[in-house]
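Both backbone and side-chain heavy atoms feed into the values below; hydrogens, waters and symmetry mates do not. Proteins come first, then strands; the chains are lettered A, B, ... in the order of their sequence lines, and each starts at number 1.
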Protein chains: 2
Amino acid sequence: MAEPMGSALARTTLAQLKARISAGEWPVGSRIPTEPELTEQLGVGRSTVREAVRSLATLGMVETLPARGTFVRSLTPAPSLLFDALQTYHPAELIGIRRALDVEAAQTAAAQWIPERLEAMETAVAIEMEAMREHNAGIPGGVTRCTLFHGAIAQASGNRLLADLDTSLSRALDSSGLGAHIAESIDPAVLLNEHDRILTSIRARDVAAAAHLMALHSDAALRTLRHTVLTTEMTTLSQQPG
Amino acid sequence: MAEPMGSALARTTLAQLKARISAGEWPVGSRIPTEPELTEQLGVGRSTVREAVRSLATLGMVETLPARGTFVRSLTPAPSLLFDALQTYHPAELIGIRRALDVEAAQTAAAQWIPERLEAMETAVAIEMEAMREHNAGIPGGVTRCTLFHGAIAQASGNRLLADLDTSLSRALDSSGLGAHIAESIDPAVLLNEHDRILTSIRARDVAAAAHLMALHSDAALRTLRHTVLTTEMTTLSQQPG
DNA sequence: TGTTATTTGTTCGTATGTATG
DNA sequence: TCATACATACGAACAAATAAC
């Protein structure tokens with residue numbers, strides 16, 4: 001781990017508190033001891049305790065409410081940090097990463113899906129189909145069209161980081177307004193057809209086809225934004241081994 | 001953005017310092033004013049200043065050296081947040097993402113490199129070649145073999161997120177010990193030859209070849225791992241519901 | 001070499017505002 | 001309204017590490 005604090009005492013104090021939180025000593029939502037109590041428990045001054053608690057708050061692991069106490073919010077540095085970090089980049093940079101991850105997710109999903117995850121992907125497509133029939137712009141839950149299906153594929157890849165990055169990228173793009181713009185710029189029927197073909201290739205465990213179709217699908221979204229599009233032919237040659 | 005600090009004064013103090021750093025008032029590597037100076041400038045107590053600076057250190061924007069001062073390390077919190085987030089995942093998940101990003105980086109670098117960035121990539125390969133001739137396991141600066149070249153490609157892509165993700169992934173893999181293991185499991189001569197062929201295709205702006213060669217290169221690293229340490233872990237990972 | 005100034009590290013006391021009962 | 005508990009915030013003081021002379 002990096003050295004976030006400048007001195008040994010403050011650093012070890014932070015490490016101790018982080019370890020006790022991650023160990024589940026204080027469940028999510030519960031209140032940790034007050035500053036004077038921690039001062040006594042850890043044998044350090046109140047300012048040192050405060051600095052450590054502040055760092056935990058910066059990491060999203062705790063939240064301190066004035067005059068009420070400090071409460072545990074997450075046993076690990078918050079996944080929302082990923083979202084915060086992504087939000088600092090230009091949407092075009094986010095889209096470039098998203099395309100690469102989408103292809104990877106499609107490949108891996110095709111190679112490694114289990115029945116439960118395939119069902120989730122088919123459900124996503126079914127929901128999209130229903131939404132299109134009813135001429136709704138969106139999908140129940142306020143989720144932008146496309147997000148649900150792509151998220152299901154990321155889940156099916158079995159890679160949690162891939163799934164979390166997908167979610168965070170979607171949120172970051174949505175907050176920039178580009179996510180909705182992409183979804184609305186594409187003919188729903190065409191989009192749904194592409195999704196269906198991708199799903200078919202995944203179901204058939206056709207890794208190359210899944211990667212190729214997903215690359216074309218992502219490029220279509222890119223084209224609507226008038227960004228430079230890279231060739232996609234060779235992407236399919238990078239098959240997942242095994 | 002979330003509100004990391006619990007009170008108004010400390011929060012605004014943090015916001016002011018963060019804004020001044022992001023604005024470039026203090027360049028990366030330079031020293032920010034001392035705590036007493038900031039206390040006077042901002043009109044708040046030294047404890048409050050210290051809490052704000054500590055939060056900046058937790059965000060990776062500054063690093064404070066005891067008795068020397070506090071130095072600017074990054075204009076944004078993003079790279080540090082990415083690293084913290086990535087570190088919570090399994091190395092096998094990191095590698096899966098890295099492969100996708102490496103292919104994307106090679107594609108984009110081939111399509112968009114500028115002379116200055118091409119020079120950086122060629123320098124990286126030259127350094128690797130020199131290190132191999134001297135039979136050194138590592139590269140000057142303690143950088144694991146492979147990291148320098150892949151980083152140069154990510155830089156050449158022009159996508160800051162891609163470059164930051166590459167750096168963070170390398171650091172996260174190194175801290176897990178897998179980065180070095182990968183580099184040492186591959187024949188240096190073979191690795192260097194692959195790097196050289198990738199560089200050649202990038203120089204020729206052959207996008208398809210760059211993507212293909214990089215995919216093969218990454219798969220070689222994956223195969224090495226799969227046949228050694230990760231066999232059971234990768235399979236169980238893909239079966240976990242999430 | 002050693003002395004001094006600078007800067008951060010740490011602790012403590014106290015005052016203030018706010019939520020709870 | 002009052003009393004209590006708690007978090008916020010300030011400032012003083014000393015310790016420790018570093019750099020410059």
Side-chain angles (χ1 to χ4, degrees), chain A residues 1-18 20-21 25-74, chain B residues 2-18 20-21 25-74 80:
Chain A
M1 185 60 135
E3 51 281 357
M5 325 223 13
S7 70
L9 224 183
R11 182 163 44 234
T12 59
T13 301
L14 170 61
Q16 286 181 16
L17 288 178
K18 188 190 280 186
R20 292 172 76 177
I21 291 178
E25 178 171 339
W26 304 298
V28 172
S30 69
R31 208 193 68 175
I32 71 175
T34 65
E35 289 175 0
E37 285 171 344
L38 289 176
T39 296
E40 191 179 4
Q41 286 182 20
L42 302 173
V44 297
R46 198 175 68 251
S47 298
T48 304
V49 169
R50 278 179 59 79
E51 286 177 1
V53 172
R54 245 352 114 66
S55 290
L56 288 174
T58 303
L59 292 174
M61 295 181 67
V62 303
E63 179 182 6
T64 140
L65 305 178
R68 292 205 56 189
T70 300
F71 297 83
V72 177
R73 289 291 173 247
S74 172
Chain B
E3 54 277 2
M5 321 219 27
S7 68
L9 226 181
R11 183 162 45 233
T12 57
T13 301
L14 169 62
Q16 286 181 15
L17 289 178
K18 190 192 283 188
R20 294 173 73 177
I21 291 178
E25 178 170 339
W26 303 299
V28 171
S30 68
R31 208 192 70 175
I32 71 175
T34 66
E35 290 173 357
E37 285 170 346
L38 288 176
T39 295
E40 189 180 3
Q41 284 183 21
L42 303 173
V44 298
R46 188 179 166 215
S47 304
T48 305
V49 168
R50 279 184 58 80
E51 285 181 6
V53 172
R54 242 356 112 65
S55 291
L56 288 175
T58 303
L59 293 173
M61 296 180 68
V62 302
E63 179 183 5
T64 140
L65 305 178
R68 292 204 52 191
T70 300
F71 299 81
V72 177
R73 290 289 175 246
S74 171
S80 175

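Taking a pair to require two hydrogen-bonding distances under 3.5 Å in either a Watson-Crick or a G-U wobble arrangement, C/dT1 remains unpaired.
Remark: P of D/dA9 and CZ of A/Arg54 are 7 Å apart, rounded to the nearest angstrom. In this structure, CG of A/Leu9 is placed 11 Å from P of C/dG9, rounded to the nearest angstrom. Per the geometry, CD belonging to A/Glu51 stands 16 Å off C1' belonging to D/dA7, to the nearest Å. Protein atom CZ of A/Arg11 is 16 Å distant from nucleotide atom P of C/dT8, rounded to whole Å. Distance B/Glu37 CD to C/dT7 P: 6 Å, rounded to the nearest Å. Taking atom CZ on A/Phe71 and atom P on C/dA19, their separation rounds to 13 Å, with Å as the unit. Rounded to whole angstrom, the span from the CG atom of A/Leu56 across to the C1' atom of D/dA7 amounts to 16 Å. Between B/Leu14 atom CG and D/dT8 atom C1' there is a gap of 16 Å when expressed in whole angstrom units.
When the side chain to side chain donor-acceptor pair (under 3.5 Å) test is applied to A/Glu40, no partner is found at least two apart in sequence or on another chain. With sequence neighbours excluded, the residues forming a side-chain contact (heavy atoms from CB on, under 4.5 Å) with A/Arg68 are A/Leu65, A/Phe71, listed by chain and number. Applying the side-chain contact (heavy atoms from CB on, under 4.5 Å) criterion to A/Thr39, with sequence neighbours excluded, gives A/Arg46, A/Val49. With sequence neighbours excluded, the residues forming a side chain to side chain donor-acceptor pair (under 3.5 Å) with A/Glu35 are A/Arg50, listed by chain and number. A/Pro36 pairs by the side-chain contact (heavy atoms from CB on, under 4.5 Å) definition with A/Thr34, not counting sequence neighbours.
Nearest-nucleotide positions on DNA chain C for B/Glu35 and A/Gly43 put B/Glu35 closer to the 5' end.
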Apply the test side-chain contact (heavy atoms from CB on, under 4.5 Å) to residues B/Leu17 and B/Met61: give CA-CA distance (whole Å), side-chain angles for both, the deciding distance (0.1 Å), then the verdict.
CA-CA 10 Å; B/Leu17 289 178; B/Met61 296 180 68; over 6 Å; no
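The side chain of B/Ala10 has D/dA9 as its nearest neighbour among D/dA9, C/dT11, C/dT8.
Residue A/Arg50 places at least one side-chain N or O under 4.0 Å from the OP1 or OP2 atom of D/dT8. Using a 4.0 Å cut-off, no side-chain N or O of A/Ser47 falls inside it from OP1 or OP2 of C/dC12. Checking the phosphate oxygens (OP1, OP2) of C/dT7, no side-chain nitrogen or oxygen of B/Thr64 falls inside 4.0 Å.
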Scoring nucleotides 13-21 of chain D by protein non-hydrogen atoms under 4.0 Å (B base, S sugar-phosphate only, - none) yields B---BSS--
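The main-chain N or O of A/Val44 is never found under 3.5 Å from a side-chain atom of A/Thr48 such that the two would form a donor-acceptor pair.
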